[in-house]
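Order of listing sets the numbers, starting from 1, for every ligand and every atom in it.
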Amino acid sequence: MNFEQTTQIFRSGFVAIVGKPNVGKSTLLNAYLGQKVAIVSDKPQTTRVRQLGILTRPDAQVIFVDTPGIHQPLHRLGQAMVESATHALGDADVMVFVCDVSELPTDEDRQIAALIHEQAGERPVLLALNKMDRLPAEKVKQHTEAYWSLLSSEPKLNWDWMMLSATSGDNLDKLLDMIVARLPEGPLYYPEDQVTDRTEREVAADLIREQVLRLTRQEVPHAVAVVVEQWNERRSGAVHVGAMIYVEKESQKGIIIGKGGAMLKKIGAAARQEIAHLTGARVFLELWVKVRKEWRAKESDLRELGYVERGE
Ligand code: GDP
Ligand code: MG
């Protein structure tokens, strides 16, 4: 007979991941979720829309909100990013501020810290000092203190920091335990096997955009949007995918298509593999490129391409 009833508390809630572009937010999210739900790139501003990553374990459900890097708005798309990040902070039970500890804080980090101070209230904040694998031992103290001082002018009990590496996996479990400990008691919001709120089509569009960013240089990246227009599952089990790559200028279209179509072929081959991995099916991928002048500046185009959240 078991007289001692162990009451296990189930915790759940939303965790906002904020930080300037390129510090490793998407890499961290992907590491926790064990599959590619957010795209990663070495070029800033890869992530454009808010997306959920759901991690369920026996004692908790952690719903991560990956936000586009907060930065000074340069044009309409930039502003949509800031609004979406601010919105994510508003919903969150826990805020995770991701920084690149291999470098000293910049003005962008200070701005985000200020935004967190402004929004946090009594909510917990965790400072994730990422890229520790690139931090030389003699700089650990100086860099750690530089980042912590951005947050700790009015130290709060439930605020803390952890040094980690999203690529090597070091200390990811420790940060996760710190997050879970700060979540409220709550229900299972999503089925335990669901890892994202995005559709396969949306993820596939991002996988194609990731390959465009990886394989092209110059000013192309910021000007690219991808929309999956066809998604047909055949009786054989194969998936036929047709996607449109939108750019802003004829010159960018030329770069993406490449000499004799060579670049587009390369993008297609790499993206096809990623989509096959995502779906677990054989994939036929057809890509088209179209110029859509100044889509980044137009609200209606941003909405149509899914870059402005509905209802805002
Ligand atoms: P985001 O813009 O904040 O989402 O950043 P990403 O996740 O796209 O990562 C930007 C770049 O930093 C990519 O090239 C990652 O591979 C790299 N990166 C992320 N985490 C680490 C890390 O812990 N160590 C190192 N050395 N590189 C990292
Ligand atoms: Mg990202």
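Across D170, N22, I17, heavy-atom proximity to atom 2 (O) of ligand 1 is greatest for N22. If you check each of D100, L29, T167 against atom 22 (C) of ligand 1, the one with the closest non-hydrogen atom is T167.
By the criterion of a heavy-atom distance under 4.0 Å, the side chain of D133, and not its backbone, is placed next to ligand 1. Of all the heavy atoms of N130, the ones lying under 4.0 Å from any atom of ligand 1 belong exclusively to the side chain. Contact annotation for K25 and ligand 1: heavy atoms of both the backbone and the side chain come within less than 4.0 Å of the ligand.
Between D59 and Q8, the closest side-chain pair of non-hydrogen atoms falls below 4.5 Å. Contact annotation: the side chain of R209 approaches that of D206 to within less than 4.5 Å [non-hydrogen atoms, C-beta and beyond]. Side chains of E229 and V241 form no contact here, defined as non-hydrogen atoms less than 4.5 Å apart.
Inclusion of V23 in the set of residues having an N or O under 3.5 Å from an N or O of ligand 1 is warranted. Inclusion of P21 in the set of residues having an N or O under 3.5 Å from an N or O of ligand 1 is not warranted. Looking at M132 next to ligand 1, no N or O pair under 3.5 Å apart turns up.
Here the straight-line distance linking atom CD1 of I112 with atom NZ of K20 works out to 7.5 Å at 0.5 Å rounding. D170 contributes atom CG, which lies 11.0 Å from atom CE of M162 (distance to the nearest 0.5 angstrom).
Numbered from 1 in the order shown, with element, the atoms of ligand 1 that lie under 4.0 Å from a heavy atom of S165 read 22 (C), 23 (O), 24 (N). Counting atoms of ligand 1 from 1 in the listed order, those under 4.0 Å from a heavy atom of S26 are 4 (O), 7 (O).
Using a cut-off of 4.0 Å between Lys/Arg side-chain N and Asp/Glu carboxylate O, E145 and K141 are scored as salt-bridged.
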With a cut-off of 3.5 Å and sequence neighbours excluded, list every side-chain donor-acceptor pair involving residues 127-135.
residue, atom, partner, partner atom, Å
N130, OD1, A166, N, 2.9
N130, ND2, V23, O, 2.9
K131, NZ, N22, O, 3.0
D133, OD1, S165, OG, 2.9

